[in-house]
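A short worksheet on the structure shown next.
Heads up: numbering here begins at 1 and tracks the sequence. All ligand and atom numbering here is 1-based and tracks the order in the structure.
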Amino acid sequence: MKEWQVEDAGGGCRAFSEVIVLACQNTGELFSSTIPLTWDDGSSLEEKACSQLIQMMSEARVTRDDFFYVCSGNIFHKFHDWLSKNEYNWEVSKIDGLAHEYAEHLFHCQVVSAGFPANIQLVERNYRDYYRAVERWIYADESRLALLKDREVRLKPAETRYILKGNGKHIRSCHKCSKKITPYTPIVVYRHRESGRRVRRYYHLECTPVKPLKSTLESATVTWAACNVDGIVLGAGKEACPCVVCGQPVLPGEKTFYGYWQEKILLTGHLSCFLNGKQPLLAPDS
Ligand SMILES: [Zn+2]
Ligand SMILES: [Zn+2]
């Protein structure tokens, strides 16, 4: 059994990448990675840290018998959950010694290699002074601003940027698999501002990189020509197609069922007409 420490450094500084370290106290093995300054895959900082740690654990060939002492920082919250879910032996701990020193050393190396004076160092965990010195150095030269962390992607959990809903009449293409997202089927919409621009991305339910926190999707199953048809319920748009049940037009805003009979033929109709079990006017294949 090995005992591992997990520690980070540099999270409190507005510039340079956070450093993550996995260190074994017994053997002195060291593994590290850095969080990029910015990213655009929609994941949160906690998710980034978690997936990089999983990668480091596999490089380190950890086993289920090993024990993990993990820093309590927010950056590791997702990782804490992941360890519990995967039944590793672990606890939150204040990290001293090897992992802590190595993480701070790597962060300092990063700063110095960008040109920051090497003699200005962290003294006795006085992060405030050290980070402020680094930040003053960054702001002193416009060309160094590129070394600032993207605060926006670090702000809030990614889940809140994804919404599960019913797709309308538009054919969207999926940001992950590039295939079409059929009109009137479930869709995951990513909405976010990235460097001042409104960004929207669309995903199939099975392609979304993040499980959406929010859902406005309303599903329904109706019976049509003795088959169950799964579909979605939306306020109708301006398509003004007739209800397949009663023959009357479906008016904008009316609660409307959309579903694919035999996965091919789109059925549109008043939700109430379907639920009242009225007989169809038209044969589904006419
Ligand atoms: Zn897809
Ligand atoms: Zn109707």
Side-chain angles (χ1 to χ4, degrees), residues 39-44 47-48 50-51 54 153 157-194 197-286:
W39 57 88
D40 64 1
D41 62 3
S43 52
S44 66
E47 286 164 335
K48 276 270 176 248
C50 184
S51 65
I54 293 169
V153 296
E159 284 88 342
T160 61
R161 299 179 194 144
Y162 291 80
I163 300 177
L164 171 62
K165 56 200 290 185
N167 190 14
K169 65 175 175 177
H170 297 287
I171 301 173
R172 309 285 189 189
S173 67
C174 174
H175 192 71
K176 165 103 182 286
C177 72
S178 305
K179 291 188 188 128
K180 278 193 278 184
I181 302 172
T182 313
Y184 307 114
T185 59
I187 186 172
V188 173
V189 181
Y190 168 90
R191 273 192 292 210
H192 187 48
R193 293 190 87 83
E194 285 172 8
R197 277 179 38 247
R198 263 166 58 118
V199 174
R200 259 170 208 253
R201 295 189 190 117
Y202 304 97
Y203 298 92
H204 293 109
L205 195 48
E206 60 277 16
C207 292
T208 177
V210 164
K211 188 169 174 279
L213 267 190
K214 204 175 145 196
S215 169
T216 61
L217 179 68
E218 198 179 327
S219 311
T221 302
V222 305
T223 307
W224 183 262
C227 297
N228 279 343
V229 180
D230 295 322
I232 66 170
V233 177
L234 285 176
K238 291 181 184 142
E239 297 91 320
C241 39
C243 168
V244 288
V245 185
C246 72
Q248 298 298 308
V250 171
L251 300 174
E254 281 186 305
K255 268 202 159 199
T256 306
F257 173 85
Y258 300 91
Y260 289 88
W261 184 76
Q262 309 240 318
E263 283 163 22
K264 281 203 290 278
I265 296 156
L266 178 64
L267 300 180
T268 303
H270 302 108
L271 180 64
S272 53
C273 289
F274 278 109
L275 296 183
N276 289 339
K278 288 182 192 155
Q279 288 305 305
L281 276 183
L282 313 162
D285 53 353
S286 68

key: W261 side chain vs W224 backbone, donor-acceptor pair below 3.5 Å   = yes
key: S272 (side chain) donor-acceptor with H270 (main chain) under 3.5 angstrom   = no
ask   = Roughly how far, to the nearest 0.5 Å, is the CD1 atom of I187 from the CD1 atom of I163?
value = 11.5 Å
inquiry  = Tell me whether the Zn ion (ligand 1) has H175 as a neighbour, meaning an N, O or S atom of it below 2.8 Å.
reply    = no
request  = Looking only at N, O or S atoms, find the one in H204 nearest to the Zn ion (ligand 1) and name it.
outcome  = ND1
request  = Give the atom name of whichever N/O/S atom in H270 sits closest to the Zn ion (ligand 2).
outcome  = ND1
task = Quick one: the SG of C243, the Zn ion (ligand 2), SG of C246 angle, rounded to 10°, please.
result = 110°
message = If I take the Zn ion (ligand 1) as the centre, what angle separates the SG atom of C207 from the SG atom of C177? Nearest 10 degrees is fine.
response = 120°
E263 atom CD, neighbour heavy-atom count above 12 within 6.0 Å = no
ask   = How are the rings of Y203 and H175 set relative to one another: parallel (under 30°), tilted (30 to 60°) or perpendicular (over 60°)?
value = perpendicular
